[in-house]
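Here's the structure, in structure tokens; my notes come after.
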Amino acid sequence: MTQTPDQQSAEGTAAERRPYSVVIVDDHAMFRTGVKAEIGRSVALVGEAADADRAIAVILQSQPDVVLLDVHLPGGGGVEVIRKVHEKSPEQKFLALSVSDAAEDVIGVIRAGARGYVTKSISGSELIDAIRRVAEGDAVFSPRLAGFVLDAFSGSIDLATVDEDLDRLSQREREVLRLIARGYAYKEVAKELFISIKTVETHVSSVLRKLQLSNRHQLTRWATDRRLV
Amino acid sequence: MTATDSSHLEPDMHDSEAVATQHASAVRDGMESPAPTTESAQPTAAVPTAKEAVPDPSPGGPEDKPRATRVAEGAWLGGVCTGLARHLGWPLMVIRIAFVALATFQFIGVIAYGALWLLMPPESTVKAPGLESASRAGFRGQNKPKRRIDWGMLLALVALGVGLLWIMQNTGLGISSQLFWPVAFACAGAALVWRQADSEQQKRWRAEAGGKAWLAPFVARGGWPALVRVIVGLGLVGAAFGIVIAQQGQISHLPEVMAMTMLALAGLAIVLAPWLHRSRSALNQARAEKVRADARADMAAHLHDSVLQTLAMIQRQADDPKAVQKLARRQERELRNWLYGDELHEATLKAALTAAAAEVEDERGVPVELVTVGDCDTSEEIQALVRATREAMVNAAKHSGADKIDGYAEVDEDSIEVFIRDRGQGFDVDAVAEDRMGVKGSIIDRMARHGGTATIRSGPSDGTEVRLEIKR
């Protein structure tokens, strides 16, 4: 998800297909304008909103391929938007965007159902690439998110009390996540591990699923404990 | 840093020490005029100072045991047991069973629990200012963990308590039944009402009851369960008096009236005590909050100063994109760390790496994305690891031409691994390792001296990745 290697392929596919439709939800008008200027040519912007209620209405009405969603938002935050929209339209895809690196916020929005997380300092081309991935049903893990997930799933989970399948990462998934945390793009991860990009995407999606479905209590406790250390 | 190490240095080498000593002049050279440089140094220093000025809500160093506070998460009643367990480091169940067992001895457990409930302050959860304000403004939603009660455990505890009580009463060790039922009822009733007055929802209540906290449980919208709890609680207390009065009924009328009055007053005192206490502590809290608010205002002023300074400098150096990016990046890092950052304790690997990455960013103007998993205290070996990491970052920033450096550190049970990666132009490791002392002396040899390893992978088009590993 970082940088050049994937860029050409991203632009190639974007040119061939119809552009993906995107709704931007952020309470800072300046940021919305900036994002529009950066990605407006590569995706179809079908709506924008500055608070949770408006966002829910716009998203349900315009049914975009991807919603760019700020984590902090008036009216209950991005988590609330995802929850309300998913009640009516469970297939809606969200990509979370934030200036906050607070682990509990990031993990929280992913657990609510976002398919990826990137920071607001992301470059335009990286953002377009991330939108494409999310639109195609894959997950977008930034190095930071990968780090949080590794932290959350390492050691601090009490194995005796949880569903093992869901609450553990497989060896391969850990390897993939570690490479992403080291700044590798999906393509580079694939090359490093001698697997296909598709397989990398499968692993990441599976991690996302585990993150969303695994024992709520344990992960929350991880987030809380982290603050106390 | 050892003397031998620096004697290896050649003049154009970029070891961390050399860079550090040249830091001031290097930075100054890179900028157009010295004046803004000194200005820019000011906000950097100002922000951390301001952060220290905030009254720390939890006194005691990081090594201390956590203070005894009532913990809302995982609590069944008031969070007293959970808090005690964390404070003493004992298993939670042991403390719960102890309280239940004590409760059957003349209600000692109940009284102790009530007293601790009053005396232990609720756990304060103060977060970074950005997060706090986002929470206050409803930008983050309520992501409070839902309370999970283990019903099996609860049932077992209740059964244990009732069983013990039964044994006590039947063996005659217990309290006379004349006293027993009234006290039991009164305890249960008072507990229900007190539970209601617990501070978890106080703030919202206070707002709804127009600042009169003591009225809150009756006025505020606590929903049906709250109302039922208060009514049942008061009913139980009333029943206790009723029983006592009924038992005293045979005696002549005067003492009866006296007793009733006394009991009514006592009952009122019992019911009002928590609110009296709360309103006093609310006053204290308000005072503390004022102090905190003042500190925050000071910090906001500092913050504005630093951001304004940076913006002014950006305008003055608008024709130098590199300098502008450097300034913006540093300001962003500072702000982000202040608003959302974890509080880093000085002597940990994570803090040291973060500081090293920030230094490299400032000196070289190349962003460093650092991700860490796990953390540990520093030691001499780990400091060497940090220096080698810094050197690897400096090399990447200087020689690769990449516009970003990725750093990753993972702390395992028995080893620490650090990866520094760039996507710039690589180099031939074998050819360079001999004559470039920066790589050999400051990374490879340094790691070897401290019982670690350094491997460098580089290719002309793939960039460079330095892997450092050290045993803990």
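Each chain gets a letter, A, B and so on, in the order its sequence line appears, and its residues count up from 1.
- Using a 4.5 Å cut-off between heavy atoms, B:Arg457 contacts chain A through its side chain alone, with no backbone atom that close.
- For B:Ile405, no part sits under 4.5 Å from any heavy atom of chain A, backbone or side chain.
- A:Asp27 touches chain B through its side chain: at least one heavy atom from C-beta onward sits under 4.5 Å away, while N, CA, C and O do not.
- Cation-pi contact between A:Arg182 and B:Phe419: present, with separation from the ring centre below 6.0 Å and deviation from the ring axis of at most 45°.
- For chain B, the nearby part of A:Lys191 is the side chain; its heavy atoms alone come within less than 4.5 Å.
- The local environment of CZ in A:Arg54 is sparse, with at most 12 non-hydrogen atoms from other residues, nucleotides or ligands closer than 6.0 Å.
- If you take CG on A:Leu127 and CZ on A:Arg132, they are separated by 12.5 Å, rounding to the nearest 0.5 Å.
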Intermediate values then yes/no, salt bridge (charged side-chain N to carboxylate O under 4.0 Å, His left out), A:Arg174 and B:Glu410: CA-CA 12 Å; A:Arg174 279 185 58 85; B:Glu410 185 171 348; 3.2 Å; yes
